[in-house]
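Below, chains carry the letters A, B, ... as their sequence lines are ordered, and counting in each starts from 1.
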Amino acid sequence: MNTPESDKAEPEHVDFIRQIIADDIASGKNGGKVVTRFPPEPNGYLHIGHAKSICLNFGLAKETGGVCHLRFDDTNPEKEDTEYVESIMDDVRWLGFDWDDNLFYASDYFEQLYDWAVKLIKDGKAYVCDLSTEEVREYRGGWNKEGKDSPNRDRSVEENLDLFTRMKNGEFKDGEKSLRAKIDMNSSNMNLRDPAMYRIRHQHHHRTGDKWCIYPTYDWTHGESDSLEGITHSICTLEFENHRPLYDWYIEALGIHHPQQIEFARLNVTHTLTSKRKLLELVEQGHVTGWDDPRMPTISGMRRRGYPADALRDFCAHTGVTKFNGMTDLALLELYVRGSLNKTANRAMAIIDPLKVVIENYADGESEMRQAKNNPEDEEGGIREMPFGRELYIERADFMEDAPKKFFRLTVGKEVRLKNAFFLKCNEVIKDDAGEIVELRCTYDPETSGGKAPDGRKVKGTIHWVSAEHAVDAEVRLYDVLFENEKAGEIPEGMELKDTLNPKSLEVKQAKVEPSLATAEAGSSFQFERTGYFCVDVKDSSPGKPVFNRTVTLKSGYKPKPAE
RNA sequence: UGCGGGAUCGUCUAAUGGGUAAAGACACGGCACUUUGAAUGCCGCGAUGCCGGUUCGAGUCCGGCUCCCGCUUCCA
């Protein structure tokens with residue numbers, strides 16, 4: 001039976017974008033239809049920031065009965081590749097969204113864009129400019145400096161048409177000429193000071209091949225792509241606010257459908273980098289193993305780390321949509337990761353830092369099976385068996401020779417409960433020559449098999465264990481934040497990005513895990529009891545030689561007093 | 001010395017044509033329960049950037065100030 005795990009009725013807040021859209025639907029704008037789009041450039045892997053945009057755009061479409069397009073804004077062949085196109089599609093699907101037939105590429109509009117550029121030339125609204133990049137910059141002026149007209153600004157339509165055709169035909173070298181919109185060289189908005197529409201790049205494009213040697217700029221492409229697709233609400237991040245007047249200018253000059261652009265604040269998360277450029281740097285310089293390194297804030301990295309898709313969706317839904325540029329605590333993401341995994345991940349016993357325990361009153365060579373619940377949160381989760389014997393491993397941190405009062409775990413002369421087994425008492429500590437504890441000599445109470453003592457005596461602590469004889473060796477990768485600084489990617493004077501990395505972002509351990517874990521399925525998640533959530537690495541794990549990634553730790557209620 | 005956008009608990013958000021004692025979540029602290037020091041439940045902590053104005057009444061409206069972010073790519 002399904003316990004109605006009531007999603008505690010949180011009052012649904014309507015963010016300002018949803019408000020605008022609700023108003024538009026109510027007023028019958030766009031015929032009451034909603035068409036959104038997620039428009040990544042295929043020049044890198046999607047990260048947590050994109051996840052928010054995906055959830056917003058696809059979510060909006062789902063909520064309003066509209067559609068959301070997936071469009072690749074592939075206007076710069078230099079940085080783009082089909083590898084990225086594929087990973088992006090994988091990531092969107094993994095996140096739980098579907099674009100159906102609505103898959104588009106800006107490069108499919110190159111012909112149309114070219115025709116429109118010709119139209120603007122004919123209308124006297126665009127011209128071919130001979131200025132170099134540096135000259136254009138100089139002519140553009142600055143915030144408090146007037147711009148200067150290009151010497152080519154008043155070229156005749158005929159000459160512009162001729163030159164533009166020759167640009168297209170490859171008669172000029174890269175950077176030799178450009179097509180610019182004729183707007184206003186003194187606009188207070190720099191984007192309107194005759195922006196470039198086309199640049200010459202003799203470069204292979206991942207989809208159009210060598211057909212073109214001139215490529216439309218993003219600014220000249222984006223608004224019209226939205227328009228062509230009948231996008232009603234074009235949602236983007238704050239930095240494009242200043243571009244809106246330019247998109248509007250193009251749309252009006254062309255006299256085509258006018259989507260409404262709405263800007264919201266980009267998602268920032270503590271200790272997390274969301275700059276594609278810097279992420280690429282980490283990958284290229286080998287500071288991580290790849291785009292899907294479990295420490296990466298990429299969707300593929302988080303997936304490999306073991307973050308469930310629903311946790312990402314919950315997180316995005318709960319970070320809010322506003323125009324305030326804030327910084328969300330990573331703890332919020334981890335909350336949803338734990339929340340999801342707590343309900344779905346089976347429990348297992350794994351000893352990450354093993355300490356041997358010998359139970360002196362347990363018969364040598366004997367063993368027995370103990371039963372354990374797979375998931376106490378799930379009544380249907382079932383039970384499994386795990387072997388128990390004379391020699392066990394427990395977590396080194398679960399024993400302390402001189403224990404403080406609040407230490408509920410094992411110490412000399414005191415009892416703890418071995419989860420799903422018996423009470424255990426430590427009698428003697430064995431050390432090596434260096435004084436390091438190597439073994440604990442203990443006794444158990446066979447009367448406490450049910451976890452309770454017939455005489456009613458209580459124990460304060462319950463610890464996990466594995467049978468030494470039956471345990472399986474496993475590699476366990478303990479991940480921590482890539483950047484210790486809350487503001488990841490912030491680089492102090494004289495430092496480089498690599499200098500700001502957390503040196504302890506990965507710690508590899510050889511663990512002893514319960515036998516059932518030997519054949520755990522790649523990608524599956526477990527809660528290692530009292531430790532954290534772990535998943536079987538999809539790349540490096542193999543049956544009998546499991547490799548686990550720590551997804552996130554369990555919250556720890558025990559905080560040793562800092563004072564001695 | 002420009003243009004555009006912002007500013008509510010430590011953090012992210014609510015308070016939707018001015019109207020209770022500014023609400024929730026996270027974080028933090030405490031308590032209860034517990035065969036996970038988890039989960040769960042309960043309690044606590046804690047904010048309207050500043051100055052003035054309008055009003056019976058202002059987080060919300062008006063004026064001034066301060067601070068933060070973005071913008072001078074033939075990147076997106």
Side-chain angles (χ1 to χ4, degrees), chain A residues 8 10-11 13-16 19 39-41 43 73-76 78-79 129 131-133 136-137 140-145 147 174-180 187-193 195-201 214-215 217-219 221-222 236-245 263 265-268 270 276-277 318-336 338-339 342-343 347 349 372-373 376-377 406-409 416-421 448 450-452 459-464 486 527-532 553-559:
Chain A
K8 48 209 137 176
E10 231 173 279
H13 299 133
V14 179
D15 60 68
F16 81 102
Q19 185 65 254
E41 183 192 14
N43 68 342
D73 271 346
D74 50 355
T75 57
N76 185 2
E78 268 175 84
K79 303 178 181 170
C129 181
L131 258 28
S132 68
T133 313
V136 167
R137 186 170 19 243
R140 182 151 30 228
W143 290 320
N144 290 301
K145 224 170 115 204
D174 285 8
E176 214 169 289
K177 298 210 180 315
S178 65
L179 184 75
R180 300 173 68 185
S187 174
S188 54
N189 183 342
M190 288 298 152
N191 294 125
L192 263 25
R193 316 252 267 222
M197 293 167 63
Y198 274 92
R199 69 290 215 194
I200 300 171
R201 291 277 183 283
I214 57 170
Y215 289 95
T217 60
Y218 172 84
D219 276 343
T221 308
H222 192 79
C236 62
T237 43
L238 253 27
E239 67 267 30
F240 293 105
E241 247 162 352
N242 295 346
H243 294 239
R244 181 162 20 101
E263 308 87 4
R266 179 182 280 284
L267 172 68
N268 296 302
T270 57
K276 264 193 202 174
R277 206 202 83 232
H318 288 258
T319 49
V321 180
T322 66
K323 292 177 89 95
F324 174 65
N325 224 311
M327 169 90 56
T328 300
D329 198 331
L330 218 211
L332 192 67
L333 210 204
E334 295 187 335
L335 172 89
Y336 292 112
R338 291 190 190 100
N342 181 43
K343 294 196 205 91
R347 313 290 127 125
M349 302 251 217
K373 272 188 185 171
E377 300 285 323
K406 289 283 207 168
F407 189 79
F408 301 157
R409 310 172 193 182
V416 287
R417 175 165 39 228
L418 294 171
K419 174 121 182 166
N420 302 128
T448 56
K452 290 194 169 71
V459 291
K460 201 75 170 153
T462 301
I463 64 173
H464 59 290
E486 279 205 348
Q527 184 199 91
F528 288 178
E529 292 206 65
R530 303 207 307 128
T531 307
T553 60
L554 241 36
K555 277 176 63 169
S556 171
Y558 175 62
K559 292 179 186 78

Q: Output the single nucleotide from B:C3, B:A76, B:A27 whose closest atom is nearest the side chain of A:T217.
A: B:A76
Q.
If I pick the C1' atom on B:C50 and the same atom on B:U73, what distance separates them, to the nearest angstrom?
A. 38 Å
Q.
Any N or O donor-acceptor pair under 3.5 Å from the base of B:A76 to the side chain of A:H243?
A. yes
(Q) Base, sugar-phosphate or nothing for A:M327? Non-hydrogen atoms, less than 4.0 Å. (A) sugar-phosphate
Q) B:U72 P sits how many Å from A:E239 CD, rounded? A) 11 Å
Q.
Does A:E241 reach a base, just sugar-phosphate, or nothing at all? Heavy atoms under 4.0 Å.
A. sugar-phosphate
Q: For the residue pair A:F240 and A:Y218, categorise the inter-ring angle as parallel (less than 30°), tilted (30 to 60°) or perpendicular (more than 60°).
A: tilted
Q) Using atom C1' of each nucleotide, how far apart are B:C68 and B:A27 to the nearest Å? A) 23 Å
Q: Determine the contact category for A:K323: base if any of its heavy atoms lies under 4.0 Å from a base atom, sugar-phosphate if only primed atoms, P, OP1 or OP2 are that close, otherwise nothing.
A: sugar-phosphate
Q) Is it true that a side-chain atom of A:R193 and a backbone atom of A:S187 form a donor plus acceptor pair closer than 3.5 Å? A) yes
**Q.** A:E377 side-chain proximity, nearest of B:C26, B:A38, B:G5
**A.** B:A38
Q.
Quick check on RNA chain B: between A:N325 and A:D219, whose nearest nucleotide comes earlier from the 5' end?
A. A:N325
Q: Looking at every strand, decide which applies to A:Q19 at a 4.0 Å heavy-atom threshold: base, sugar-phosphate, or nothing.
A: base
Q | Criterion side-chain contact (heavy atoms from CB on, under 4.5 Å) on A:N189 and A:N242, from CA distance to verdict | A | CA-CA 7 Å; A:N189 183 342; A:N242 295 346; 4.2 Å; yes
Q) Side-chain donor-acceptor pair under 3.5 Å between A:N43 and A:N76, yes or no? A) no
(Q) So A:F528, base contact, sugar-phosphate only, or nothing? Heavy-atom distance under 4.0 Å. (A) nothing
Q. Atom CD of A:E529 and atom P of B:U36: how far apart are they, to the nearest Å?
A. 8 Å
Q. When the distance from CG of A:L333 to C1' of B:A25 is rounded to whole Å, what number comes out?
A. 14 Å
Q.
Is it the case that B:U36 (base atoms only) and A:R347 (side chain only) share a donor and an acceptor within less than 3.5 Å, ignoring hydrogens and angles?
A. yes
**Q.** Candidate nucleotides B:C71, B:U73, B:C74, ranked by approach to the side chain of A:R137 - the nearest
**A.** B:U73
Q) Hey, is A:W143 doing a stacking thing with B:C71, by the 5.5 Å centroid and 30° angle criteria? A) yes
Q) Expressed in angstrom and rounded to an integer, what is the separation of A:F16 atom CZ from B:G6 atom P? A) 8 Å
(Q) Give me the distance, rounded to whole Å, that separates B:C45 from B:G2 when you measure between the P atoms they each carry. (A) 45 Å
Q: Step by step, work out the side-chain contact (heavy atoms from CB on, under 4.5 Å) result for A:I214 and A:R199.
A: CA-CA 6 Å; A:I214 57 170; A:R199 69 290 215 194; over 6 Å; no
Q) Looking across every strand, which nucleic acid part, if any, lies under 4.0 Å from A:F240 by heavy atom: base, sugar-phosphate, or nothing? A) base
**Q.** Least distance between heavy atoms, A:L554 atom then A:Q527 atom
**A.** CD1-NE2, 3.8 Å
Q.
For a quick check, tell me whether the side chain of A:R409 and the base of B:G37 share a donor-acceptor pair closer than 3.5 Å.
A. yes
**Q.** Nearest non-hydrogen partners of A:T75 and A:T217, listed with the distance
**A.** OG1-C, 4.4 Å
Q: Answer yes or no: does a side-chain N or O of A:T462 lie under 4.0 Å from OP1 or OP2 of B:U36?
A: no
Q.
For B:A76 and A:T75 - does any side-chain N or O of the residue sit under 4.0 Å from the phosphate oxygens OP1/OP2?
A. yes
Q: Please work out if A:G175 contacts a base, only the sugar-phosphate, or nothing of the nucleic acid, heavy-atom cut-off 4.0 Å.
A: base
Q. Is the shortest side-chain N to carboxylate O distance from A:E263 to A:R244 below 4.0 Å?
A. yes
(Q) With side-chain contact (heavy atoms from CB on, under 4.5 Å) as the criterion, how do A:T328 and A:N268 come out once you've worked through the C-alpha distance, each side chain's angles and the decisive distance to 0.1 Å? (A) CA-CA 6 Å; A:T328 300; A:N268 296 302; over 6 Å; no
Q.
Taking B:G59 as the reference, what is the distance to B:G52 when you measure between their P atoms (whole Å, please)?
A. 15 Å
Q: Could you work out the separation of B:C31 and B:G37 based on their C1' atoms and round it to a whole Å?
A: 14 Å
Q: Using Watson-Crick or G-U wobble pairs with both distances under 3.5 Å, give me RNA chain B in dot-bracket, 5' to 3', with [ ] for crossers and | for pairs to another strand.
A: .((((((..((((.....[...)))).(((((.......)))))....(((((..]....))))))))))).....
Q: For residues A:R338 and A:T553, report the shortest heavy-atom separation together with the two atoms involved.
A: NE-O, 2.7 Å
Q: Between B:C71 and B:A21, how far apart are the P atoms? Round to whole Å, please.
A: 44 Å
Q.
Counting the atoms with a prime plus P, OP1 and OP2 as sugar-phosphate, which does A:L330 contact under 4.0 Å by heavy atoms, base, sugar-phosphate, or nothing?
A. nothing
(Q) Does A:R140 reach a base, just sugar-phosphate, or nothing at all? Heavy atoms under 4.0 Å. (A) sugar-phosphate
Q: For A:G451, report the nucleic acid contact type (base, sugar-phosphate, nothing); a contact means any heavy atom under 4.0 Å.
A: base
Q: Rounded to whole angstrom, note down the P distance from B:C65 over to B:C75.
A: 39 Å
Q: With heavy atoms under 4.0 Å as the rule, sort A:L554 into base, sugar-phosphate or nothing.
A: base
Q.
Please encode protein proximity along nucleotides 43-48 of chain B as a string of B, S and -, counting only heavy-atom distances under 4.0 Å.
A. ------
Q) Rounded to the Å, how far apart are A:Y215 OH and B:C75 P? A) 13 Å
Q. B:A76 C1' sits how many Å from A:N76 CG, rounded?
A. 8 Å
Q) Contact class for A:T133 vs. all strands (heavy atom < 4.0 Å): base, sugar-phosphate, or nothing? A) base
Q. Which nucleotide in the set B:U36, B:G37, B:C26 lies at the smallest distance from any side-chain heavy atom of A:K419?
A. B:U36
Q.
Taking the basic N atoms (NZ, or NE/NH1/NH2) and the acidic carboxylate oxygens, is any pair closer than 4.0 Å for A:K323 and A:E241?
A. yes
**Q.** Nucleotide nearest A:T322 (side chain, heavy atoms from C-beta), chosen from B:U72, B:C26, B:A14
**A.** B:A14
Q. With a 4.0 Å cut-off on heavy atoms, is A:S187 in touch with a base, just the backbone sugar-phosphate, or nothing at all?
A. nothing
**Q.** Closest listed nucleotide, where the reference is the side chain of A:S188 and the choices are B:C3, B:A27, B:C74
**A.** B:C3
Q: Please examine the side chains of A:R180 and A:P195, heavy atoms only from C-beta on, and report whether any two atoms are closer than 4.5 Å.
A: no
Q | side-chain contact (heavy atoms from CB on, under 4.5 Å) between A:V416 and A:T462, worked out | A | CA-CA 6 Å; A:V416 287; A:T462 301; over 6 Å; no
Q) If you look at every strand shown and take non-hydrogen atoms under 4.0 Å, does A:P376 touch a base, only sugar-phosphate, or nothing? A) base
Q. Are A:E239 and A:R266 within salt-bridge range, i.e. N to O under 4.0 Å?
A. yes
**Q.** Euclidean distance for P, B:G30 against B:G64 (whole angstrom)
**A.** 49 Å
Q) Do A:F324 and the base of B:A7 stack face to face, with centres under 5.5 Å apart and an angle between planes under 30°? A) no
Q) Taking the side chain of A:R199 as heavy atoms from C-beta outward, which of B:G2, B:A76, B:C12 is closest to it? A) B:A76
